[in-house]
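Every chain is numbered from 1 and lettered A, B, ... according to where its sequence line falls, protein lines coming before strand lines.
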Protein chains: 2
Amino acid sequence: MSINDPEIPDIVIRRLPIYAQTLTYLTGEGVTTVSSSELGARIGVTAAQIRRDLSYFGEFGKQGKGYNVQFLLNQVRDILHLGHSWGVALVGVGLLGKAIVHYTGFKDKGFEIKALFDSDTRKLGGEEMGMTVNHFSKIPEIIPELGLNVAIVAVPAHSAQEVVDLLIKAGVKAILNYAPITVQVPADVRIRSLDPVAALQSMTYYLNPDPKARSRNGKHSK
Amino acid sequence: MSINDPEIPDIVIRRLPIYAQTLTYLTGEGVTTVSSSELGARIGVTAAQIRRDLSYFGEFGKQGKGYNVQFLLNQVRDILHLGHSWGVALVGVGLLGKAIVHYTGFKDKGFEIKALFDSDTRKLGGEEMGMTVNHFSKIPEIIPELGLNVAIVAVPAHSAQEVVDLLIKAGVKAILNYAPITVQVPADVRIRSLDPVAALQSMTYYLNPDPKARSRNGKHSK
DNA sequence: GGGTGTGAATGAGTTCACAGCT
DNA sequence: AGCTGTGAACTCATTCACACCC
């Protein structure tokens, strides 16, 4: 029941990292015990949802008491396989790619970038954080060699599908995509896309389209 | 019916930018007409979902024909209020913040960064792309002055809530949050968070926790 | 008393399937 | 013939509400 139960909804899986994150902050604050309603309030979901989500994986709480923060955090981390460091390939070493390589958050959380790829001949052979930049064509060789099955794609939209196809052929099973385009992957490969512009566009729907009018008549203060 | 219909599910709104993006690529390819099944195949959703989503806003297609790509794109852009440029405040000018300022994708898509804020005294008064870096304390003054109601938060987790509170008091109604923490906002404010680590963690659930074993016995090539 | 875990009820979102238009 | 727009059916997700336990 713990190994890859396909009946657990993906939407539940996507909430687990938020639970882990929040539990981590709670340990940092010295909180040892938390109830589903306290945790829910902190995350912005209902207590029932927290309890239902966790119930897919086991019984982690104590009636009348709540959850032991450290214990629950360990459990969630186990479920997500966060116990060891995952090696990651980064494709695309432009402005965004460089910011990603230098961001310490990945390594701190167990995702260590171990190989860099780009197609720009001016970048090839260059170094970032002690790693050589290899051409796309080296993907089929280097990725199996290093045993990587996680990749970050930070290339322009027009080469994203090509890059993703190469990665998948090389054995990658999880892809974080920064390119603003929908990429096709087979069912046994996971992909998540981060598109800041799409996120902004989905919020402007709710905004008054004429901000000048709003600021002029002072309606901006709620 | 076109102005802020609250019965339209947010999940539909969040798909519209993807439709707009895909329709934009289609115009670039010279495609003039598209059916719901073609568009769905491209995006990875069903034809029925496309038709249902669009039906919340009007009747944009022609039976037996499909949708005119340019017309549908214009309609979706109107719905999302993408017709003009939105002024944006950026809070946090660290590595990530700098990458954001220099990324041309925001301006190209109508989100123009017009003010920079940070709390680090070493950065204050400095410039990025011709804009001065102001202290957090200037938020209540500068944001209403420029009439901004969209903001990007790229500060460390520990100051995210404080910054968001300041922004909201200054009139911001839409926030793109890069800090890996859940931030509380009132119901009339929209917030979307981008957390690359959380995205990766939600995928490792599906992966074999021991990649060494996988690469050793060659199971990576499917 | 306080809080979990979970059947049952409800609500939300997706897909079916087809009438109707071109 | 081909494809939209949409009631109706269905599936999936959330919330209710309570037995049970600490």
The correct set of residues in residues 24-54 of chain A placing a heavy atom under 4.0 Å from DNA chain C is Ser35(A), Ser36(A), Arg51(A), Arg52(A)
Taking side chain to side chain donor-acceptor pair (under 3.5 Å) as the definition, give me every residue that meets it alongside Arg42(B), ordered by chain and number, with sequence neighbours left out. Glu29(B)
Between Asn177(A) (side chain) and Arg192(A) (backbone), is there a donor-acceptor pair under 3.5 Å? no
Can you list, by residue number, the residues of residues 62-74 of chain A that have a non-hydrogen atom closer than 4.0 angstrom to DNA chain C? Lys62(A), Gln63(A), Gly64(A), Lys65(A), Gly66(A), Tyr67(A)
Using the side chain to side chain contact (heavy atoms under 4.5 Å, CB included) definition, which of the options Ile100(B), Val88(B), Leu90(B) pairs with Phe106(B)? Ile100(B)
Any donor and acceptor pair, going by atom type alone, linking the side chain of Arg77(A) with main-chain N or O of Leu82(A) inside 3.5 Å? yes
Within the distance-only criterion (no hydrogens, no angle test), does the side chain of His102(B) pair as donor or acceptor with the backbone N or O of Leu95(A) below 3.5 angstrom? no
With sequence neighbours left out, what residues match Ser37(B) under side chain to side chain donor-acceptor pair (under 3.5 Å)? Ser35(B)
Validation: residues 62-73 of chain B side-chain donor-acceptor distances under 3.5 Å, sequence neighbours left out:
unit_1, atom_1, unit_2, atom_2, d
Asn68(B), OD1, Gln70(B), N, 3.1
Asn68(B), OD1, Phe71(B), N, 2.8
Gln70(B), NE2, Asn74(B), OD1, 3.3

Considering only distance and modelled atom types, tabulate donor-acceptor pairs under 3.5 Å from the side chains of residues 15-25 of chain A, sequence neighbours left out.
unit_1, atom_1, unit_2, atom_2, d
Arg15(A), NE, Asp53(A), OD2, 2.7
Arg15(A), NH2, Asp53(A), OD1, 3.0
Arg15(A), NH2, Asp53(A), OD2, 3.3
Tyr19(A), OH, Asp53(A), OD2, 2.5
Gln21(A), NE2, Pro180(B), O, 3.1
Gln21(A), NE2, Asp195(B), OD2, 2.9
Thr22(A), OG1, Ile18(A), O, 2.8
Thr24(A), OG1, Ala20(A), O, 2.7
Tyr25(A), OH, Pro180(B), O, 2.8

Determine the sole option in His81(A), Glu112(A), Lys109(A) for which the side chain to side chain contact (heavy atoms under 4.5 Å, CB included) test with Trp86(A) is passed. His81(A)
Nearest whole Å is fine: how far is dG3(C) C1' from Glu59(A) CD? 13 Å
For residues 157-168 of chain B, the side chain to side chain donor-acceptor pair (under 3.5 Å) pairs (sequence neighbours left out) are Gln161(B)-Asp165(B)
Among all residues two or more places apart in sequence or in another chain, which pass the side chain to side chain contact (heavy atoms under 4.5 Å, CB included) test with Ala174(B)? Met203(A), Leu207(A), Val150(B)
Hits for side chain to side chain donor-acceptor pair (under 3.5 Å) against Thr204(B), two or more places apart or cross-chain, chain-then-number order -> none
To the nearest 10 degrees, how far apart in direction are the end axes of the helix from dG1(C)-dC22(D) to dT22(C)-dA1(D), each fit to five base pairs? 10°
DNA chain D: first to last nucleotide in contact with chain B (atom under 4.0 angstrom from a heavy atom), 5' to 3', is dG2(D) to dA8(D)
Which residues pass the side chain to side chain donor-acceptor pair (under 3.5 Å) test with Arg14(A), not counting sequence neighbours? Asp10(A)
For Phe60(A) and dT6(C), what is the distance between atoms CZ and P respectively, to the nearest whole Å? 11 Å
